[in-house]
Amino acid sequence: MKFVTEPANLILIATVVISGILLLWPCWLSLGSTGACPPQEAVQLINRRNAIIIDLRDDDEFVRGHLPQARHLLFHELENKVAQMVKNKKTPVLLVCQDGKHSAQARKIMRETGYAEVFTLQGGIKTWQHSNMPVIKQGAAK
C-alpha cells in the first residue's frame with residue numbers, strides 16, 4: 001500500500017493513466033464515426049495512404065466528371081465485384097457518389113464484408129467540385 005501513497009509513484013501512476021486515455025481516445029472517437037471525409041482529408045487519404053477510389057455513380061454521371069484515378073463500379077454491383085477491385089481488405093477505400101448517400105450505404109456493405117478502412121467522400125462529387133478539386137472528364141483534366 002505504501003507504493004501507491006508515495007508522491008513520486010502517484011505522479012508515475014497518473015502519467016500511465018493519462019497516457020492510456022490519450023492512446024485510446026482516437027479509438028473511442030471512431031466508434032461512432034460515419035467515415036465521411038471532407039475533400040481535403042480525402043486528398044490526404046489518397047496521397048499518403050494510397051486509398052483506392054471507387055465511384056459508384058451511373059455511367060453517364062461518371063463520364064461527366066470523376067476523381068482522378070477513380071475506378072467505376074455501379075452501386076448495385078458493389079457486393080459482387082468489389083473483391084476484384086480491392087483484393088486486400090486492409091487497403092483504404094474511398095467511396096464516391098453524387099451527394100454522399102449511396103456511398104454511406106456502400107460503406108456499410110463493405111464494412112460488413114470485412115473491409116477494414118472504408119471512407120466516403122463527404123457531400124459526394126458535388127462537394128468535391130464545389131471545393132475546386134480536380135475532375136477528369138472524358139480523359140481530360142479539369
[X]-[Y] co-clustered via ILVMFWY side chain contacts under 4.5 Å:
X      : Y     : answer
Ile52  : Val82 : yes
Met110 : Met85 : yes
Ile53  : Leu56 : no

Residues passing the salt bridge (Lys or Arg N to Asp or Glu O under 4.0 Å) test with Lys126, sequence neighbours excluded, are none
With Asp59, which residues qualify under salt bridge (Lys or Arg N to Asp or Glu O under 4.0 Å), at least two apart?
none
Is a side-chain donor or acceptor of [X] paired with a backbone partner of [Y] at a separation under 3.5 angstrom?
X      : Y      : value
Trp128 : Gly123 : no
Arg57  : Gln98  : no
His66  : Ile54  : no

[X] [atom1] to [Y] [atom2] distance, which is reported to the nearest 0.5 Å:
X      : Y      : atom1 : atom2 : answer
Gln105 : Leu78  : CD    : CG    : 10.5 Å
Ile136 : Gln69  : CD1   : CD    : 9.0 Å
Ile125 : Asp99  : CD1   : CG    : 11.5 Å
Leu74  : Asp55  : CG    : CG    : 9.5 Å
Gln84  : Arg71  : CD    : CZ    : 11.5 Å
Ile109 : Thr113 : CD1   : OG1   : 8.5 Å

What are the two closest non-hydrogen atoms of [X] and [Y], and how far apart are they?
X      : Y      : result
Gln122 : Ala36  : CB-CB, 4.0 Å
Ala104 : Thr120 : N-CG2, 3.9 Å
Cys37  : Ala42  : CB-N, 4.0 Å
Ser131 : Pro39  : OG-CG, 3.6 Å

Give the C-alpha distance, both sets of side-chain angles, the deciding distance and a yes or no for side-chain contact (heavy atoms from CB on, under 4.5 Å) between Arg49 and Glu117.
CA-CA 11 Å; Arg49 309 237 1 253; Glu117 295 188 80; 2.6 Å; yes
Can you tell if the side chain of Phe62 reaches within under 4.5 Å of the side chain of Val96, non-hydrogen atoms only?
no
Heavy-atom distance under 4.5 Å between the side chains of Leu121 and Thr127, does that happen here?
no
Could you list all the ring-ring contact (aromatic ring centres under 6.0 Å, His included) pairs where at least one residue sits in residues 74-124, not counting sequence neighbours?
Phe75-His102
